[in-house]
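Right, one structure below, let's go through it.
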There are 2 protein chains.
Amino acid sequence: MSQTVDRALSILPLLAQGPADLGQVAERLGVHKSTALRLLRTLHEHGLVYRQQDQRYRLGARLFALAQEAVENLDIREIAHPHLVALNEEIGHTVHLAVYEEGEVLYIDKVESRYPVRMYSRIGKPVAITVAAVAKLLLADLPEPERRALAAKLDYPPYTPRSTPDAAAFLKELATVREQGWATDLGGHEESINCVGAPVRGADGRVAAAMSVSAPNVVVTAEELLTLLPLVRRTADAISRDYSGKDRT
Amino acid sequence: MSQTVDRALSILPLLAQGPADLGQVAERLGVHKSTALRLLRTLHEHGLVYRQQDQRYRLGARLFALAQEAVENLDIREIAHPHLVALNEEIGHTVHLAVYEEGEVLYIDKVESRYPVRMYSRIGKPVAITVAAVAKLLLADLPEPERRALAAKLDYPPYTPRSTPDAAAFLKELATVREQGWATDLGGHEESINCVGAPVRGADGRVAAAMSVSAPNVVVTAEELLTLLPLVRRTADAISRDYSGKDRT
DNA sequence: ATGGGTGTTGCAGTATGTGCAACACAGGAG
DNA sequence: CTCCTGTGTTGCACATACTGCAACACCCAT
């Protein structure tokens with residue numbers, strides 16, 4: 001829509017792959033060096049780009065700061081956090097909160113061990129969308145056509161023998177999840193890790209986020225983990241109530 | 001330098017504070033709504049901005065992806081990582097790697113517990129620059145005038161009674177660090193946490209990064225932690241050798 | 001129905017970004 | 001030491017592409 005901005009922003013993913021010098025940037029953008037220079041300068045002023053000693057450019061620190069701030073200000077996250085902590089204190093296992101956004105599933109909070117330590121361990125990383133319990137919950141609620149379209153264009157990496165093999169199996173799984181209102185990942189991503197998850201719903205009844213509890217099966221067998229399901233669902237419902245209660249001003 | 005891009009980028013920090021609608025964005029930018037709309041659209045196309053159901057804009061997922069990729073591609077980080085893991089395996093405590101960039105200190109890697117789990121727990125967050133061992137190491141190596149200027153404009157929050165109180169004390173501490181070639185943070189940030197750190201130097205001898213080992217003093221007393229210093233320095237030196245050896249193509 | 005509040009579109013004018021060409025500066029080769 | 005090639009940088013004239021306007025579309029509340 002805006003050519004200048006479009007060009008400037010195209011520089012970011014380009015630099016994400018690794019540092020580049022002015023010439024390279026100009027070439028890959030298909031513009032004159034002087035143009036690239038001015039764009040880079042502007043990005044630099046905003047801290048999105050950094051110039052290292054060898055004069056090459058790479059992504060700058062502000063980017064991290066922005067990403068961080070953005071996560072912290074997600075209202076669902078803010079509302080959910082105390083609930084996650086409470087659940088974690090009760091059962092001790094790792095608790096995740098995730099949202100769906102334009103074809104991706106993102107972890108936006110995580111509580112682990114006994115401390116309320118926030119490790120945004122996987123933020124930005126492609127979540128194992130075809131197997132993670134939270135992903136199933138989020139995708140199961142998409143409108144039919146969108147869900148089909150997405151399922152069709154996904155890859156189905158065989159992380160383990162139990163991973164979802166293809167679109168057909170995935171859609172079937174999603175139907176189940178949709179119906180039962182909760183989801184699991186039993187060794188679908190990593191052989192020894194099981195998860196149980198439940199959806200958080202907004203005022204409109206649609207799934208706004210999903211939470212899950214994960215534990216390695218050396219600590220808890222899958223069956224034992226499933227006994228926690230009522231607790232997980234209760235927590236998710238509590239978050240839903242909080243979330244749909246107050247309107248987000 | 002480039003007005004259009006400048007305006008577009010100004011939207012990001014604005015949205016980082018929380019979602020905003022078109023009117024608010026336009027007003028805070030001081031431009032017409034239609035202008036703001038086009039800028040937001042462009043940002044949206046690049047995934048930097050996301051539009052929620054209520055039509056308000058907030059920062060988008062791509063931002064996280066970019067930040068993540070950027071961190072993973074930092075060459076120092078890549079080189080240092082195996083060393084950090086090795087050190088961690090030997091001593092068991094948390095190991096951090098940090099760099100300095102335009103007035104800020106950033107953690108770019110962390111190894112904790114026995115697993116090589118990467119938790120970018122603090123990336124983007126303002127590091128406690130006045131007390132952290134890694135910050136001292138990085139700032140101690142700045143050219144004199146820059147160091148003074150920076151020290152003068154910093155805040156000196158009294159996290160604990162042992163925190164660096166003011167610029168004078170900080171500069172003195174930096175001088176010590178510079179001379180001895182290592183640094184500590186003994187309860188300066190959190191009462192019960194101690195750190196020991198050492199610098200990583202590039203081919204030009206300047207400090208390119210800094211690493212530290214942290215442990216709560218319920219586990220290890222400050223004195224015991226200091227006995228690890230030789231090991232820490234050896235690791236830092238090993239990284240320095242690796243780093244200055246190969247030129248970064 | 002009616003009104004105020006949004007977000008959206010097409011358009012004309014010109015501010016703004018563009019590419020060029022010349023310059024500055026470095027490092028390497030001879 | 002000098003030349004030379006490869007960088008990054010600057011000033012400028014041109015016209016592209018961005019801007020603000022005003023009119024429209026839409027939704028919700030009154």
Shortest side-chain distance from A:L37, nucleotide among C:dT8, D:dC18, D:dT10: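 Among the listed nucleotides, the one closest to the side chain of A:L37 is D:dT10.
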
Among the nucleotides D:dG20, C:dG17, C:dG7, which one has an atom lying closest to any side-chain atom of B:T35?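 Nearest nucleotide to the side chain: D:dG20.
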
Contact state string [nucleotides 21-30 of chain D, B base, S sugar-phosphate only, - no protein heavy atom under 4.0 Å]: B---------

Pull out every residue in residues 2-28 of chain A that has a heavy atom closer than 4.0 Å to any atom of DNA chain D, ordered by number, or say none.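 Per residue number, the list reads A:S2, A:Q3, A:T4, A:D21, A:L22, A:G23.
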
What about the rings of B:Y57 and B:Y50, do their centers lie closer together than 6.0 Å?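 Ring-ring flag for B:Y57/B:Y50: false, centres at least 6.0 Å apart.
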
Partner residues of B:R148 under the salt bridge (charged side-chain N to carboxylate O under 4.0 Å, His left out) criterion, sequence neighbours left out: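 B:R148 satisfies salt bridge (charged side-chain N to carboxylate O under 4.0 Å, His left out) with B:E144 once adjacent residues are dropped.
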
Can you sort out the partners of A:R206 under salt bridge (charged side-chain N to carboxylate O under 4.0 Å, His left out), two or more places apart, ordered by chain and number?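 Residues passing salt bridge (charged side-chain N to carboxylate O under 4.0 Å, His left out) with A:R206: A:D141.
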
Mind calculating the distance between [atom1] ([X]) and [atom2] ([N]) to the nearest angstrom?
| X | N | atom1 | atom2 | answer |
| --- | --- | --- | --- | --- |
| A:L39 | C:dT16 | CG | P | 16 Å |
| B:R41 | D:dC18 | CZ | P | 14 Å |
| B:L40 | C:dT9 | CG | P | 14 Å |
| B:R51 | C:dG7 | CZ | P | 7 Å |
| A:Q52 | D:dG8 | CD | C1' | 16 Å |
| A:L29 | C:dG17 | CG | P | 16 Å |

How long is the gap from CG on A:L84 to OG1 on A:T235, to the nearest 0.5 Å?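 A:L84 CG to A:T235 OG1: 8.0 Å, rounded to 0.5 Å.
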
If I take atom CD from residue B:E27 and atom CG from residue B:L29, how far apart are they, to the nearest 0.5 angstrom?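 So the CD of B:E27 and the CG of B:L29 are separated by 10.5 Å.
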
Shortest non-hydrogen separation from B:A236 to B:V200 and the atoms involved: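 For B:A236 versus B:V200, the nearest heavy atoms are O-CG2, 4.1 Å.
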
Could you pull out every donor-acceptor pair under 3.5 Å between side chains of residues 1-25 of chain A and any protein atom, sequence neighbours left out?
unit_1 : atom_1 : unit_2 : atom_2 : d
A:D6   : OD1    : B:H46  : NE2    : 2.5
A:S10  : OG     : A:D6   : O      : 2.7
A:D21  : OD1    : A:G23  : N      : 3.2
A:D21  : OD1    : A:Q24  : N      : 2.9
A:Q24  : OE1    : A:D21  : N      : 2.8

Can you tell me if the side-chain N/O atoms of B:R38 get under 4.0 Å from OP1 or OP2 in D:dT19?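 Answer is yes, contact under 4.0 Å.
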
Restricting to pairs with a member in residues 170-181 of chain B, which pass salt bridge (charged side-chain N to carboxylate O under 4.0 Å, His left out), not counting sequence neighbours?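 Residue pairs passing salt bridge (charged side-chain N to carboxylate O under 4.0 Å, His left out), neighbours aside: B:K136-B:E173.
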
Among B:H81, B:M211, B:E78, side chain to side chain contact (heavy atoms under 4.5 Å, CB included) partner for B:D109: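 Only one option passes, and that is B:H81.
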
